Structures are given as C-alpha cells and as structure tokens.
Amino acid sequence: MIIIMEPSATKEQIDTVVKALRNKGFRIVLNQGDVMTVIAAIGDKRLVEPHSFQSYEGVRSVKLIQEPYKLASRECKQEDTVIEFSNGVRIGGLEKPVLIVGPCCVENDIDGLLRVADAAKEMGCHFLRGGAFKPRTSPYDFQGLEEKALEYLAIAREKTGLLIVTELMDTLDLDLVCQYADVIQIGARNMQNFKLLKAVGKCNKPVILKRGPAATIREFLLAAEHIMYHGNDKVILCERGIKGVDNTATRNTLDITAIPVIKKYSHLPVIVDPSHGTGRRYLIEPMAKAGLIVGAHGIMMEVHHDPENASSDGAQSLPIPMFKEVAKHLNKLIGRIDYDNKHSKEGVSIV
Ligand code: PEP
Ligand code: MN
C-alpha cells in the first residue's frame with residue numbers, strides 16, 4: 001500500500017502514520033521527495049483496512065500497489081535508484097552508463113587478467129568482471145579457480161583501482177566472495193535460486209541480478225523483490241538474453257525491449273550484457289549501442305587477452321585491441337547522451 005502525504009504534512013503526522021503501520025507488522029519504505037513524502041507499506045493487507053489511513057491527518061491519498069513485486073516497483077518508489085560505490089562511481093538514474101568488462105572466467109594466468117584490467121582502466125571502465133565459480137552446462141568444462149581467482153581479481157583491483165564483479169553460485173561461498181567482491185553477480189541460471197537470493201538479500205553488497213534465460217520480466221522483478229525483501233535494496237538488473245526461436249544465428253535473443261519495460265515498472269538500475277545475449281563477438285558493439293540508446297545504465301562485456309584459447313566463452317569475448325575500439329565508440333556515444341533530457345521511458349536523446 002502507498003500512502004501519499006500532503007506537501008504540508010508535518011514530521012509528527014508522518015511519524016504517526018508510520019507508527020500505526022509498523023504496529024500492524026508492516027515494513028516501511030519512506031520516500032522523502034522534494035515536495036511530498038510517500039510511505040510504502042509492505043505487509044499483509046488483510047490486517048488493515050487501507051482506506052482507514054485516509055482519515056489520518058496529513059494524508060493526501062492511499063492506494064494499493066497493483067504489481068506483485070512491491071519494493072522493486074515504481075509504484076513504491078518513483079525516483080530511480082542510484083547505487084553509489086566506494087570510489088564514487090554511481091549506477092542508475094541519470095548517471096553516465098558504466099562499462100563492466102573482463103573475462104568470462106579468471107584463468108590460471110594473472111598476466112592475461114592484468115592486461116585486460118589495464119586496458120579496461122585505460123578505456124575509462126570502472127568495473128572488472130571475472131568468474132571464480134562458474135556455472136557450466138557441462139561438468140567436463142572448466143569450473144573456475146575459486147579462491148585463487150578471487151585473489152587474482154583482488155590483485156587486479158589493487159593495481160588498477162577497478163571494482164570487482166564476480167558470481168556467487170552457492171550460499172556456502174557467500175562470506176568468501178564477500179571478502180573479495182565489490183559487486184556480487186547472481187547468474188542467469190540462479191535467478192530463481194531463492195535461498196541464494198535470500199542470502200545476498202541479507203548482505204550489504206550491491207548485487208547484479210541476471211535475467212533467467214526463460215524468465216518473464218515479472219519473474220525477473222519478483223526475483224529482485226526476494227533480494228530487496230530481505231533488506232538489500234542495491235540491486236542492478238541485467239538483461240543477458242533469453243531463449244529465442246533461433247539458437248544457431250545467435251546464442252540467445254537479447255531482449256532490448258526489456259530495458260524500457262523494466263524502467264517503466266521498476267526504479268532499479270538496469271544494464272545489458274551483449275556477450276551472453278548474442279554469443280557472437282561481432283554483435284557486441286551494435287547491441288551495446290542499442291542498449292545505451294534505449295537507456296541502459298551500463299554495459300557488461302566479456303574481454304579476453306587470448307579469446308581463441310579462453311577456457312570459456314571465447315567466441316563472445318572481445319580481444320583487447322577490438323575491445324579498445326568498441327569502448328572508444330561506446331564512450332563517444334555515452335558522451336553524446338543528453339542527460340538533462342534523458343527520458344526514462346523513451347530512451348535517451350542524443351546531442
Ligand atoms: C557470466 O556472466 O559469466 C555468466 C555465466 O552469465 P549468465 O549467468 O548470464 O549466463
Ligand atoms: Mn561467460
């Protein structure tokens with residue numbers, strides 16, 4: 001339920017409503033805008049008669065949240081969520097889109113990883129990605145270096161200042177991954193691993209939640225809701241392609257439509273991964289550009305120092321020289337986005 005207070009409502013009036021809701025067991029999210037305060041109350045609506053709040057002093061209107069996801073919904077929070085990182089980088093809202101780049105998995109070659117990290121830094125990226133625990137379709141494929149990979153990522157961070165994004169696959173590894181990662185990634189295959197969502201919901205790290213290959217947007221936002229329900233509101237959604245009708249021309253079908261749709265229904269930041277979304281190196285640049293044009297808050301791309309010999313996803317990884325070209329073009333496009341006139345539903349304006 002959403003309770004919109006009058007612009008003239010006093011602090012005491014707001015506190016009275018909040019207290020009454022808390023007494024009924026509701027979780028409160030308070031959005032204090034420039035003009036008015038909006039109280040979002042999450043809980044069992046059978047416990048109260050929502051319209052009884054209409055008679056409280058200072059209340060302008062009461063309405064029920066229609067969507068099945070609540071905390072993730074724009075009904076609950078009108079303004080875009082912006083997530084701020086230790087180095088001052090911000091993701092979401094009208095902030096400049098960020099580039100998150102790195103190999104699919106961290107391999108037993110720290111020099112290769114450092115070459116990618118140096119190139120990422122040179123091209124103005126802020127995040128280095130790399131898998132330590134890898135969800136592989138085949139048990140015979142490389143499964144990741146686990147803690148050793150995390151150590152390598154930490155060395156790369158130390159050297160470049162880039163923030164580290166890495167995937168968590170199992171609640172048992174949560175503490176370990178939290179020790180190293182700046183952002184925890186929940187992979188597409190685990191989008192509905194509810195225990196995992198609960199575990200990251202209880203920790204304080206930003207989370208990149210990838211869309212399941214067959215998930216609807218409603219299911220995707222409900223997965224984000226699980227994380228937020230347990231207390232972590234730093235969720236970044238990542239569109240990474242869904243199962244389409246043609247898995248020969250591309251690995252997945254990148255659902256570009258998802259970006260403005262998500263932005264209509266949710267205040268959370270949303271990024272695009274054209275590497276997994278297409279499975280083809282040559283499609284990374286055009287689809288990254290498409291993502292930026294429709295208003296994505298960031299792009300995640302796989303980059304490898306020697307993609308032909310990568311342990312995973314070489315075909316969708318950019319070699320370093322090609323990455324630099326792509327990053328140059330994306331940075332140019334980002335530089336032309338008119339942030340003042342950026343419209344959340346209609347994509348960006350270009351100047
Ligand atoms: C990844 O980012 O390395 C990955 C495995 O992605 P996804 O979960 O989208 O398949
Ligand atoms: Mn990959």
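Just so you know, ligand 1 is whichever comes first in the structure, and atom 1 is the first atom listed for that ligand. These numbers were taken from a predicted model, which means no experiment stands behind them. Along the sequence shown, the residues carry numbers beginning at 1.
Two rings, from Tyr265 and Tyr69, have their centers 6.0 Å or more apart.
The closest approach between a heavy atom of Gln185 and any atom of ligand 1 is below 4.0 Å.
Centred on the Mn ion (ligand 2), the angle running from Cys104 (SG) to His276 (NE2) is recorded as 160°, rounding to 10°.
On a distance-only criterion, Glu167 and ligand 1 share no N/O pair closer than 3.5 Å. The shortest N/O to N/O separation between Asp273 and ligand 1 does not fall below 3.5 Å. Below 3.5 Å of separation, one finds an N or O of Ala188 facing an N or O of ligand 1.
Nearest N/O/S atom of Glu302 with respect to the Mn ion (ligand 2) is recorded as OE2. Summary: OD2 is the N/O/S atom of Asp313 found nearest to the Mn ion (ligand 2).
Around the CZ atom of Arg218, the shell of radius 6.0 Å holds no more than 12 heavy atoms that belong to other residues, nucleotides or ligands. The number of heavy-atom neighbours closer than 6.0 Å to CG of Asn204, taken from other residues, nucleotides and ligands shown, is 12 or below.
At least one side-chain heavy atom of Lys77 sits less than 4.5 Å from a side-chain heavy atom of Thr81.
Of all heavy-atom pairs between Cys76 and Ile65, the closest is CB-CD1, 4.2 Å.
Within the coordination shell of the Mn ion (ligand 2), defined by N, O or S atoms under 2.8 Å, Cys105 is absent.
The same ILVMFWY cluster, assembled from side-chain heavy atoms under 4.5 Å apart, contains both Val294 and Leu268.
Protein heavy atom nearest atom 4 (C) of ligand 1, with residue, atom name and distance: His276 NE2, 3.4 Å.
Using a cutoff of 4.0 Å between basic side-chain nitrogens and carboxylate oxygens, Lys134 and Asp141 are not scored as salt-bridged.
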